[in-house]
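Numbering of ligands and ligand atoms starts at 1, following listing order.
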Amino acid sequence: MTYKVTVSHIKTSLAEGVLLCFEDITHVEQAGQIRRDFVANVSHELRTPLTAMMGFIETLRGPARDDAAARDRFLGIMAGEAARMERLVKDLLSLSRVESDERLRPNEHVDIAALTDSVFHTLAPLAQDAGVTLVRGGDTAATEVIGDPDQLRQVLSNLIENAIKYGGAEGTVTVQIAHNDSESALRGPGVSFAISDRGPGIDPLHLPRLTERFYRVDSHRSREMGGTGLGLAIVKHIINRHRGRLRIESALGEGSTFTVILPAAPRSDPSAP
Ligand code: ADP
């Protein structure tokens with residue numbers, strides 16, 4: 001705990017004394033630390049590809065100047081590093097936009113089953129390359145929520161992409177959708193979608209920190225797969241904005257399930273005039 005102590009001398013016609021004022025500023029300190037860590041992380045993530053690119057530029061200007069094969073290889077690596085920086089900047093912008101939108105209530109009708117089909121369509125090439133089959137199960141009726149369609153698409157994309165990337169080759173990724181009239185996590189009607197893979201799973205030790213910015217279980221593997229370490233932080237903020245819940249279940253050797261529960265859109269009453 002951190003306290004700010006203010007000492008003042010008071011003197012009135014009745015009494016004279018010293019006033020000590022203790023103010024708990026632990027949360028201010030913590031917010032400052034989180035901000036400093038974030039800036040340090042962003043600088044590190046940007047500096048790594050930049051340093052690599054500067055090294056290759058120097059080599060291309062010098063020893064590899066007349067070596068056509070080396071030039072092509074180095075340019076390929078530099079293009080990969082530039083793409084990595086672009087992904088990072090894109091995710092940082094998404095995160096900042098989502099954070100600033102968090103107080104605004106989304107207000108569009110979004111059908112989760114239809115959105116899942118659309119995201120499957122977009123991710124089909126990625127799944128095909130990894131030999132992964134995408135399967136949708138559960139309800140298709142009453143799967144509407146009130147939300148922001150672009151942001152909910154991002155939630156589905158990030159979670160399904162992770163399941164494809166980390167879920168092991170030649171597997172199946174399932175999205176199970178359900179409507180529940182009485183969702184205990186929300187104390188009301190909810191729509192849930194659970195993204196499951198049968199990959200190597202995550203040690204439960206990591207689960208509480210998984211949605212922190214830049215938290216990775218295996219940094220090397222994440223970078224190799226093109227990850228920025230921001231995907232789940234973005235997911236968490238979007239779900240908060242929608243007043244929903246994220247549940248992560250995983251066990252080593254048994255795969256992972258990420259379940260999102262959102263308040264269901266009010267059902268239109270067919271008996272109403
Ligand atoms: P990244 O860009 O590294 O994928 P995320 O925020 O999306 O960042 O995920 C954070 C970390 O959580 C990943 O680096 C990975 O270690 C772990 N992770 C996420 N999804 C899965 C999954 N389906 N199976 C195993 N590990 C996962």
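- Remark: E29 engages no residue in a salt bridge (charged side-chain N to carboxylate O under 4.0 Å, His left out) (not counting sequence neighbours).
- At least one N/O-N/O distance between V217 and ligand 1 falls below 3.5 Å.
- Listed for the T26 side chain is a donor-acceptor partner under 3.5 Å among the backbone atoms of T2.
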Output a table of donor-acceptor pairs, distance under 3.5 Å, between side-chain atoms of residues 123-131 and any protein atom two or more places apart or on a different chain; print 'none' if there are none.
none

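- Atoms of ligand 1 lying under 4.0 Å from any heavy atom of S256, numbered from 1 in the order shown and given with element: 24 (N).
- The one candidate from H242, H237, R97 that meets the side-chain hydrogen bond (donor to acceptor under 3.5 Å, both in side chains) condition with E102 is H237.
- Close contacts between ligand 1 and G227 involve ligand atoms 1 (P), 2 (O) [criterion: under 4.0 Å to a heavy atom].
- Classification of the F22-Y3 ring pair by plane angle, with boundaries at 30° and 60°, yields perpendicular.
- Annotation for ligand 1: atoms under 4.0 Å from non-hydrogen atoms of R216 are 3 (O), 14 (O).
- Considering backbone and side-chain atoms together, D197 places an N or O closer than 3.5 Å to an N or O of ligand 1.
- Between the R198 side chain and the E254 main chain, a donor and an acceptor come within less than 3.5 Å of each other.
- Ion pairing of R213 with E99 is present here, as a side-chain N (NZ or NE/NH1/NH2) and a carboxylate O approach within less than 4.0 Å.
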Taking it one step at a time, do H109 and D111 satisfy side chain to side chain donor-acceptor pair (under 3.5 Å)?
-> CA-CA 7 Å; H109 280 254; D111 186 75; over 6 Å; no
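- Interface atoms of ligand 1 facing K165, defined by a heavy-atom separation under 4.0 Å, are 4 (O).
- Where the criterion is an N or O separation shorter than 3.5 Å, residue side chain and backbone included, I202 fails it with respect to ligand 1.
- Numbered from 1 in the order shown, with element, the atoms of ligand 1 that lie under 4.0 Å from a heavy atom of T228 read 2 (O).
- Nearest residue to atom 20 (N) of ligand 1 from I248, L230, N162, T257 is N162 (criterion: closest heavy atom).
- In terms of protein heavy atoms, atom 3 (O) of ligand 1 is closest to S222 OG, 2.6 Å.
- Of all atoms in ligand 1, numbered sequentially from 1 with element shown, those under 4.0 Å from a heavy atom of L210 are 12 (O).
- Listed by atom number, the atoms of ligand 1 under 4.0 Å from Y215 heavy atoms are 10 (C), 11 (C).
- Not one N or O on the side chain of R84 forms a donor-acceptor pair closer than 3.5 Å with the backbone of P49.
- For ligand 1, the polar-atom distance check finds no N/O of A233 at less than 3.5 Å from any of the ligand's N/O atoms.
- Less than 4.0 angstrom separates some heavy atom of G229 from each of these atoms of ligand 1: 1 (P), 2 (O), 3 (O), 6 (O), 8 (O).
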